[in-house]
Amino acid sequence: MAEIDRYRPEDRRAVEALYRRVFGHDAAESSRLRWEWQYRRNPNNPGHEPEIWIAREGPAIIGQYATMPVKLSVAGRQVQASWGMDVMVAPERQRQGLGEMLFRTWDRNVGASLGLGLSESSYRLFQKLRWPDVGPVPCFVKPLTRRAFRRPNWPVGLNRLVSALTLPVVKIVARTRPLAAEVRMIDRFDDSFTVLWEELAPKFDLAVRRDAAYLNWKYVHAPHVRYSIAALRRDEQHVGYAVYRHLHEPRGRVTLLVDFLADPADEPGFATLLHWVDREARNADSDKIRGFAMHAGFRRILRRSGYFQVKSSLEFVVKVNGVDLEPSFYDTTDNWHVTLGDSDQDR
Ligand SMILES: CC(C)(COP(=O)(O)OP(=O)(O)OC[C@H]1O[C@@H](n2cnc3c(N)ncnc32)[C@H](O)[C@@H]1OP(=O)(O)O)[C@@H](O)C(=O)NCCC(=O)NCCS
């Protein structure tokens, strides 16, 4: 009979071996590089004890649920929540109810349990256990060159034809626009960003608390990727930020708009940040910019700034336990703020 309890330091090697069996060598290596930062240095993990649940059978480890604690602002309250991330069950023990035990143990211990960008098997299990399904988080793409519309699974001829046909559209949306407020690159988030978060939090019905400690951990100290951070300033104060990075994909170069914050009603402000990212993306020779946004205000400004909504695979489930909410809370997500930077999606 399996037992579920918390991760202990001596579990590390057995967990790594199981991870390799379930997710493969490359994923295991990249998880190993992130591990200390991801599980021990999270500022929302006060005792620095990883919030990981382990399924044991005698001395053997047959499953885990590794999570990322965050403070979640929900309908004006703050709850201790966590993103469920690396969940796995030993292949020979799958579909025997262990996953369900892990999901339920995690959920019983948090004020809100959140899942983003799920695999087919975990998405099905969340559905079976009736977690509210509020996704996917809408995906937006802004084309910058005619290569933006290429698809890795299309033949070269078709890609060329589509590039030629879409060129006029690209020329219009990709034109340079003037910046309406001051934007500065920063190396780290100072305390003024905590103040900004406190000011903006009431605007969101649901969002992870983006204070300076969280932002520095997530976007300045991440060991596996390097981010650029642009701060939006007005009247000598920080009124927003955007976090982005450039990468190569099989059919071209992409700038990822990973995370951002501004008043969603401040169209000139958020649009200025977007125009800044446009310039950076062009300087980096990117063919397109891709970002994810849930809030209706941000989505509108993205569309007005030349982004197109495309099919999203960023599934999102959330179950709030720590605050009494009407079931209808999950029906209206227009004021929720969720981006690609949430959970550990940008690996
Ligand atoms: C996700 C996972 C942890 C579930 O663990 P489990 O012990 O198999 O889950 P349970 O036995 O408690 O629940 C089984 C339910 O999960 C879902 N499920 C599990 N594996 C599935 C699969 N391969 N395809 C579709 N649904 C699946 C189904 O809803 C299933 O119910 P059913 O058997 O009645 O159809 C396990 O499948 C796993 O390790 N998957 C590989 C790693 C992974 O994808 N992790 C998620 C990363 S986001």
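Owing to the predicted nature of the structure, the values given are computational and were not obtained by experimental measurement. Every number for a ligand or one of its atoms is a count from 1 in the order of the listing.
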So, Tyr39 versus Tyr7, ring centres under 6.0 angstrom or not?
no
His295 and ring-ring contact (aromatic ring centres under 6.0 Å, His included): which partner among Phe260, Trp336, Phe204?
Phe204
Assess Arg12 against Trp35: is NZ or CZ under 6.0 Å from the centre of the six-membered ring, and within 45 degrees of the ring's axis?
yes
Test side-chain hydrogen bond (donor to acceptor under 3.5 Å, both in side chains) applied to Asp259 and Tyr227, step by step:
CA-CA 10 Å; Asp259 191 37; Tyr227 292 111; over 6 Å; no
Once you restrict to heavy atoms under 4.0 Å, what part of Val22 touches ligand 1? Side chain, backbone, both or neither.
side chain
Quick check: Val89 and ligand 1, any N/O pair under 3.5 Å apart?
yes
Apart from Leu102 itself, what residues make up its hydrophobic cluster, given side-chain heavy atom links below 4.5 Å?
Ile4, Trp53, Ile62, Tyr65, Val87, Val89, Leu98, Met101, Phe103, Trp106, Val110, Leu118, Tyr123, Leu125, Phe126, Leu129, Trp131, Val317
Quick check: Gly99 and ligand 1, any N/O pair under 3.5 Å apart?
yes
Between Gln96 and ligand 1, does any nitrogen or oxygen pair lie at a separation below 3.5 Å?
yes
Hey, does Gly97 come in under 3.5 Å of ligand 1, counting only N/O atoms on both sides?
yes
Is the number of heavy atoms from other residues, nucleotides or ligands under 6.0 Å of Arg303 CZ greater than 12?
yes
Would you mind checking which non-hydrogen protein atom is closest to atom 13 (O) of ligand 1, with the distance to 0.1 Å?
Leu125 CD1, 3.5 Å
One residue to check: Lys128. Relative to ligand 1, which of side chain, backbone, both or neither has a non-hydrogen atom less than 4.0 Å away?
side chain
Just to confirm, does any protein heavy atom lie below 4.0 Å from atom 2 (C) of ligand 1?
no
Quick check: Val87 and ligand 1, any N/O pair under 3.5 Å apart?
yes
Looking only at protein heavy atoms, identify the closest one to atom 44 (O) of ligand 1 and say how far it is in Å.
Ser119 OG, 2.7 Å
For ligand 1, indicate whether the residue Phe23 contacts it via side chain, backbone, both or neither (heavy-atom separation under 4.0 Å).
side chain
Beyond-backbone contact of Trp197 with Ser73, side-chain heavy atoms, under 4.5 angstrom
yes
Are Cys139 and Lys311 packed together at the side-chain level, in the sense that at least one heavy-atom pair is separated by less than 4.5 angstrom?
no
Which protein heavy atom lies closest to atom 36 (C) of ligand 1, and at what distance to 0.1 Å?
Gln94 CD, 3.9 Å
Within this structure, what is the CD1-CD1 distance for the pair Ile186 and Ile229, rounded to the nearest 0.5 Å?
5.5 Å
Nearest-contact summary for atom 12 (O) of ligand 1 - protein heavy atom, Å:
Glu100 N, 2.7 Å
Quick check, are the ring centers of His337 and Phe298 under 6.0 angstrom apart?
yes
Does an N or O anywhere in Arg95 fall below 3.5 Å from an N or O of ligand 1?
yes
If you have a sec, work out which protein heavy atom is nearest atom 18 (N) of ligand 1 and how many Å separate them, to one decimal?
Ser121 O, 3.7 Å
